[in-house]
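Structure first, commentary second.
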Amino acid sequence: MLAIEMRRYTTFRFCLDPTNEQRQALARHAGASRFAFNECLRMVKSALSQSKSDSDSHVPWTGFDLISAFNTWKKSEEAGRVVAVDAKGVAELVAGLHWRAEVCQQVFEEAAVDCSRALAAWSDSRQRKRKGKAMGFPRFKKKTRVASFRLRNKHSKGRPPAVRVGDNNRPRSITMPGIGQIGVHDDTRRLRRMLANGRARILFATVSHRAGRWWVSLNIEAAELHPALRHKVHDPTHAGGWIGIDRGLAAFVVAANAEGREVARITDAPKALARGLERQRRLARSLSRKKKGSNNRRDGVAKLARHHHRVANIRRHFLHHVSNTLVKNHDRLVIEDLYVAGMLTNRRLARAICDASWAKFARQLSYKQQWRGGELVLADRWYPSSRLCPHCGVTRSDLTLADRIFTCECGYVADRDTNAAVNLARWAQEQLFRDEPRTPKRRGRVNNARRRDGPDQHPACAGETSPDDAGTDVQPAPA
């Protein structure tokens, strides 16, 4: 089998169909992951408290240090002592976690790595090395949170992978270390073909419990898409072919070229949160009346979780459908660098903006264009795309959100969203291909989505993918 260079990352997500014994094993592994994370965090806090009085004390901080510290602790008497009887009937005192052999040891290691990443995020946020909202110090995990754990596809040379799909002539199944072969509800044909042809390699398997079901997400390192599915390389001197994309609430997406021709308009957004809000309120009110700790309250929590899960699935499916359509048909896209977090401070529009999920839509456009060899440009955040006249260049300062038609003194009249998309396309043609050097402050940030060299050649967060782009046909979970 020829080795194919892997150049992109993606995720396959399947709904598991475990037996009762396997459900207990999955819950045991998730509990062990939570226990290891909390114990690592406890060791860090204890070391930090001790370092205040003793400056020479070592604080485990990195993933390697936390793994070593936890492995030492789980075999010590501090972790516990039990009385064991050997084959000859002699009782002896055994120190350490007596149940550590019941779960895969990778669960402990990955939990320690997660703790180190949380500590690094907090440290970088304090030093202003991390963008976004300030991160707090990691907190202990509770049982009420989403139960999950992660396993590596670790195996020795010449031996089969630890995480396998469709093993033992059972196509709809996934084999994981420490758990065994588990059935899945979804079709795994596309993924099995990619693995068999050497076009994909499983890196991690993340198992989580959501909405009353167990799910597995397989992080895949895959080969580039077929050349027939990739865009043709443009001449660097060619400035045309840009499509401006304006994101909105009345119309989810309006796309137009620099000549003023509208190429796409999506107005039938499902708005899953708004449509399901009445049911969500009814379930929440019913849950608030149930006694804490009772079986009825547990069932009410499960019903509300299934509703939220359905809303998220509807939104995710719609975003993938729209982003796939745009990326397949256009190789040069321009979007605005919207400050979505700041827009959420508007209490009148915050719910609608969250339901539209503009940031996730922009992220999907970014990594899907990278896969297909296209280009995605982020226009300057302060560029007045909606208030600028493309004919005379006058910027209207009195335009409000209620004005859906853009009119100018020069006689130009156009739809507000279409005008914004046209201006974005013109901005790419006029600003990005001048002789002056491009700077992020003056002309926005440019993502050349074709493959880059070096360690940073992959997108930072590939995320979940659609059946067409990722090569998987994920069916909805049965009711």
Side-chain angles (χ1 to χ4, degrees), residues 25-82 94-130 132-156 162-163 176-179 202-209 216-217 219 455 460-461:
L26 294 173
R28 191 182 304 116
H29 280 71
S33 177
R34 183 184 68 252
F35 175 83
F37 181 92
N38 293 341
E39 184 59 31
C40 291
L41 185 58
R42 184 196 63 80
M43 289 189 293
V44 172
K45 286 188 172 183
S46 300
L48 289 175
S49 301
Q50 186 178 358
S51 64
K52 294 180 180 179
S53 57
D54 185 7
S55 59
D56 295 334
S57 61
H58 175 67
V59 179
W61 196 266
T62 64
F64 182 80
D65 292 340
L66 287 174
I67 291 175
S68 300
F70 183 84
N71 288 338
T72 303
W73 174 86
K74 72 181 182 181
K75 299 177 182 179
S76 63
E77 292 188 359
E78 185 181 355
R81 294 180 299 177
V82 294
V94 180
L97 292 176
H98 65 279
W99 51 266
R100 65 178 183 269
E102 300 178 6
V103 297
C104 183
Q105 301 304 305
Q106 295 182 16
V107 173
F108 298 137
E109 299 175 2
E110 294 301 318
V113 171
D114 290 341
C115 184
S116 67
R117 290 176 179 174
L119 293 170
W122 170 75
S123 177
D124 294 342
S125 180
R126 289 195 63 185
Q127 300 176 14
R128 299 188 182 278
K129 297 181 181 179
R130 191 178 193 275
K133 189 178 180 180
M135 298 291 295
F137 192 81
R139 295 180 293 180
F140 293 107
K141 290 187 177 181
K142 299 180 180 180
K143 290 184 178 180
T144 55
R145 297 182 62 181
V146 176
S148 65
F149 63 93
R150 186 171 63 251
L151 298 172
R152 299 191 307 273
N153 190 17
K154 181 180 179 181
H155 61 94
S156 303
V163 180
M176 291 180 287
I179 300 174
I202 300 177
L203 302 179
F204 297 94
T206 303
V207 182
S208 59
H209 186 265
V216 60
S217 297
N219 295 78
C461 182

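Qualifying ring-ring contact (aromatic ring centres under 6.0 Å, His included) partners for F149, counting only residues two or more places apart in sequence or in other chains: H29. F204 meets the ring-ring contact (aromatic ring centres under 6.0 Å, His included) test with no other residue; sequence neighbours excluded.
Atoms CZ and CZ, from R126 and F137 in turn, are 10.0 Å apart once rounded to the nearest 0.5 Å. One distance of note links CZ of R117 with CG of D124; it measures 13.0 Å at 0.5 Å rounding. The CG atom of L119 sits 6.5 Å away from the CG atom of L41 when rounded to the nearest 0.5 Å. The line from CG of L26 to CE of M176 is 6.0 Å long, rounded to the nearest 0.5 Å.
Atom NZ of K75 sits in a sparse spot, with 12 or fewer heavy atoms from other residues, nucleotides or ligands closer than 6.0 Å.
Here the shortest heavy-atom pairing between R139 and F37 reads O-CE2, 3.6 Å. When all heavy atoms of V216 and A205 are compared, the closest pair comes out as CG2-CB, 4.3 Å. Of all heavy-atom pairs between P60 and V44, the closest is O-CG2, 3.2 Å. A pairwise comparison of heavy atoms in P177 and L151 identifies O-CD1, 3.8 Å as the closest pair. Minimum heavy-atom separation, P138 to W122: CD-CB, 4.3 Å. The two residues T62 and S116 have their closest heavy-atom pair at C-CB, 3.6 Å.
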Quiz: residues 103-114 side-chain donor-acceptor pairs under 3.5 angstrom, not counting sequence neighbours:
residue	atom	partner	partner atom	Å
Q105	OE1	K74	NZ	2.6
Q105	NE2	R100	O	2.6
Q105	NE2	V103	O	3.2
Q106	OE1	R152	N	2.7
E109	OE1	R152	NH1	3.1
E109	OE1	R152	NH2	3.0
E110	OE1	R150	NE	2.9
E110	OE1	R150	NH2	2.8
E110	OE2	R152	NH1	2.8
D114	OD1	R150	NH1	3.2
D114	OD1	R150	NH2	2.8
D114	OD2	R150	NH1	3.4

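Side-chain N or O atoms of S208 include none that pairs as donor or acceptor with a backbone N or O of S148 at under 3.5 Å. Listed for the N38 side chain is a donor-acceptor partner under 3.5 Å among the backbone atoms of K141. Remark: the backbone N or O of W73 is paired with a side-chain donor or acceptor of S76 at under 3.5 angstrom. Under the 3.5 Å distance criterion, the side-chain polar atoms of S51 are matched with a main-chain donor or acceptor of L48.
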Test log, rule side chain to side chain contact (heavy atoms under 4.5 Å, CB included), inputs D65 and H58: CA-CA 10 Å; D65 292 340; H58 175 67; 3.8 Å; yes

Kindly determine whether F140 and R34 satisfy side chain to side chain contact (heavy atoms under 4.5 Å, CB included), including the steps that lead there. CA-CA 9 Å; F140 293 107; R34 183 184 68 252; over 6 Å; no

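Ring pair F70/F35 is perpendicular by interplanar angle, where above 60° counts as perpendicular and below 30° as parallel.
Side-chain contact between N219 and T206 is present, with heavy atoms from C-beta onward closer than 4.5 Å.
Using modelled atom types, one finds no donor on one side chain facing an acceptor on the other under 3.5 Å when comparing N71 with S68.
In this structure, R42 pairs ionically with E78, as a charged nitrogen and a carboxylate oxygen lie closer than 4.0 Å.
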